[in-house]
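Values in this document were obtained by computation on a predicted structure and should not be read as measured data. Here is the naming used below: chain letters follow the sequence lines, and residue numbers restart at 1 for every chain.
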2 protein chains.
Amino acid sequence: MGGMATAERKAQPARVDATRNRERIIAAAREAFVEHGPSVPLDAIAHRAGVGNATLYRHFADRNELVHVVASYSLARITEQADSALAEEPDAFEALRRFVHRAADERVGALCSLLYDGFDKNDANVVDARVRLEAAVTRLMDNARESGQLRPDVGIGDLMVAITQLTRPLAGTACAHVERYMHRHLQLFLDGLRAPARSELSGTAVTFEDFEPDRI
Amino acid sequence: MGGMATAERKAQPARVDATRNRERIIAAAREAFVEHGPSVPLDAIAHRAGVGNATLYRHFADRNELVHVVASYSLARITEQADSALAEEPDAFEALRRFVHRAADERVGALCSLLYDGFDKNDANVVDARVRLEAAVTRLMDNARESGQLRPDVGIGDLMVAITQLTRPLAGTACAHVERYMHRHLQLFLDGLRAPARSELSGTAVTFEDFEPDRI
DNA sequence: CGGGAAACGGGGAAAAGATCTCCGTTTCAC
DNA sequence: GTGAAACGGAGATCTTTTCCCCGTTTCCCG
């Protein structure tokens, strides 16, 4: 359901202005979601993209479809960052550090807020992308742990949740420039992740499964 | 403006059920703000408090008044935590640590999100409470810094923003139980705050003033 | 170039959602 | 027991968002 508009587009060559507008809308949507949350008015997204609202509705059947596309885009880009960090950084902890900061720039925090009510988490694309991301980040952490630089009592969930939270837009209205603080705080968090551990943590390492209580 | 409902109440003895409902509403509002943000429907707050919506409107002239009361309450309680940590903990870093975790339990994160558009930041009560909080936390940090346990390149703003962000409800719908992770992540962050610093931070220490660009 | 199909934008109707009031009923205090 | 105050729920009103309609513009291809 709802995937029609996309399918139709791919069937025909499509006009250049149409595809350009589509990209613009996606970019605008990403920004708008980051700034105002997942229920930002679609008209606002259209306005930000510099197109009429009818154009948005022409490209995306409903909010759901738009959200899915944006989420897939972002997931893919973050996974790329994880992969390239794995491939290019010789030092294990440095690779992890690089990934964290790059992921922050992609605004994972905002992405996570897209997992709203009507979101189909079992969409093939999304599931695939998430699995790939999980695999890459797990390797980043395993490497760092094995090299003795990452404290052993933290899980992938600890890292992902912290990134998510620290990269979200600040609550207060005006100060939307989290960027100023984001990287500082991520860096402090990363310093806390280093081995040897400077304190004992409550509870147990957070895993990916912890986020899906309703798993088969 | 808007303080009438409260004033009137205090003038007369007031009925016990009325004051009880008032407390219930404030508590419900705090929870609702924490969970759904500052623009949660007032009817939803009334429902959560187990009272009719009319009762809410009878006690609070408008959303603004309710927000102010909730904010003042929370600020006061957090300040208490800072003061008691200062008074009771002999070790400077331990005092800081204790304050951070207690503040988290009070959900500072949610409180911060109350600083929405219509909020009067210059309200005497609020300003006073904020100044007192700032003073207390500054002392906590100064003590820890002077004892050589806190890295010198972090400011009060760094700490407050991080607490705020890490204690906010998770973006996704279901997983509203941040509590499970919150304290772990705060602890990791605190470990990153310890001296000696394990890395260099970008930018400069964040102060309180950084949040008010429109200061006289 | 020029014709025709597709895409566009803006305005506004329809729907959804939130606010707040009215009023009959219940609860408290004396 | 009685009067005054507080209560709850229903719904009118106002705001916000969605989405459609249709006249105009832009692109593609011959």
Side-chain angles (χ1 to χ4, degrees), chain A residues 1-2 4-29 32-33 35-68 70 114 116-118 173, chain B residues 1-2 4-29 32-33 35-68 70 114 116-119:
Chain A
M1 56 162 110
M4 276 301 108
T6 323
E8 283 170 21
R9 293 223 96 275
K10 299 214 170 170
Q12 291 171 236
R15 271 166 52 167
V16 295
D17 58 338
T19 59
R20 192 200 53 209
N21 277 336
R22 189 165 200 274
E23 296 304 318
R24 278 192 189 172
I25 290 170
I26 294 173
F33 287 143
E35 231 168 273
H36 304 291
S39 55
V40 60
L42 295 183
D43 280 20
I45 295 177
H47 179 76
R48 183 190 282 252
V51 303
N53 53 7
T55 301
L56 189 152
Y57 286 102
R58 205 169 291 120
H59 283 288
F60 302 94
D62 54 11
R63 169 180 241 97
N64 239 303
E65 192 177 328
L66 179 58
V67 167
H68 262 93
V70 171
L114 295 185
Y116 73 115
D117 297 325
T173 50
Chain B
M1 60 161 103
M4 275 302 106
T6 322
E8 282 170 22
R9 293 224 98 276
K10 299 215 169 165
Q12 291 172 236
R15 271 165 54 166
V16 294
D17 59 338
T19 60
R20 191 200 53 208
N21 277 335
R22 188 164 200 274
E23 296 304 318
R24 277 194 190 171
I25 290 170
I26 293 174
F33 288 143
E35 231 168 272
H36 300 109
S39 55
V40 61
L42 295 183
D43 281 19
I45 294 176
H47 179 75
R48 183 191 282 252
V51 303
N53 51 9
T55 300
L56 190 151
Y57 287 103
R58 205 169 291 118
H59 284 288
F60 303 94
D62 54 11
R63 168 179 242 96
N64 239 303
E65 191 177 328
L66 179 57
V67 168
H68 263 91
V70 171
L114 295 185
Y116 73 115
D117 297 326
F119 190 84

R63(B) CZ to dC20(C) P, straight-line distance once rounded to whole Å: 9 Å

Could you state the atom-to-atom distance from CG of N64(A) to C1' of dT18(D) in whole Å? 15 Å

For dA7(C), does either OP1 or OP2 sit under 4.0 Å from a side-chain N or O belonging to T55(A)? no

Between dA6(C) and R15(A), counting only base atoms on the nucleotide and side-chain atoms on the residue, is there a donor-acceptor pair under 3.5 Å? yes

Which is true for D17(A) with a 4.0 Å heavy-atom rule: it touches a base, it touches only sugar-phosphate, or it touches nothing? sugar-phosphate

Rounded distance (Å) that lies between atom P of dC7(D) and atom CZ of F60(B): 11 Å

Using atom NE2 of H47(A) as one end and atom P of dT16(D) as the other, report the distance to the nearest whole Å. 16 Å

Any side-chain to backbone donor/acceptor pair from N64(A) onto V67(A)? Under 3.5 Å, distance only. no

Between N53(B) and V16(B), whichever has its closest DNA chain C nucleotide further toward 5' is N53(B)

If every non-hydrogen atom of E35(B) is compared with every non-hydrogen atom of R48(B), which pair is closest and at what distance? OE2-NH2, 3.2 Å

Nearest whole Å is fine: how far is dA15(C) P from D43(A) CG? 17 Å

Any idea which of dC19(D), dA18(C), dG8(D) is nearest the P41(B) side chain? dA18(C)

Is the distance from OP1 or OP2 of dA7(C) to the nearest side-chain N or O of N21(A) less than 4.0 Å? no

So if I take every side-chain heavy atom of A54(A) and compare against dC7(D), dC19(D), dC20(D), which nucleotide ends up nearest? dC20(D)

Starting from P on dG9(C), measure out to OH on Y57(A) and report it in whole angstrom. 14 Å

Looking at dG8(D), dT19(C), dG9(C), which one has an atom nearest to any side-chain atom of L42(B)? dT19(C)

E65(B) CD to dT19(C) P, in whole Å, measures 15 Å

Rounded to the nearest Å, what distance is computed from the CG atom of residue D62(A) to the P atom of nucleotide dC19(D)? 7 Å

Heavy atoms only: give me the nearest A46(B)-L56(B) pair and the separation to one decimal. N-CD1, 3.8 Å

H36(A) atom NE2, neighbour heavy-atom count above 12 within 6.0 Å: yes

Can D43(B) and H47(B) be said to form a side chain to side chain contact (heavy atoms under 4.5 Å, CB included), step by step? CA-CA 6 Å; D43(B) 281 19; H47(B) 179 75; over 6 Å; no

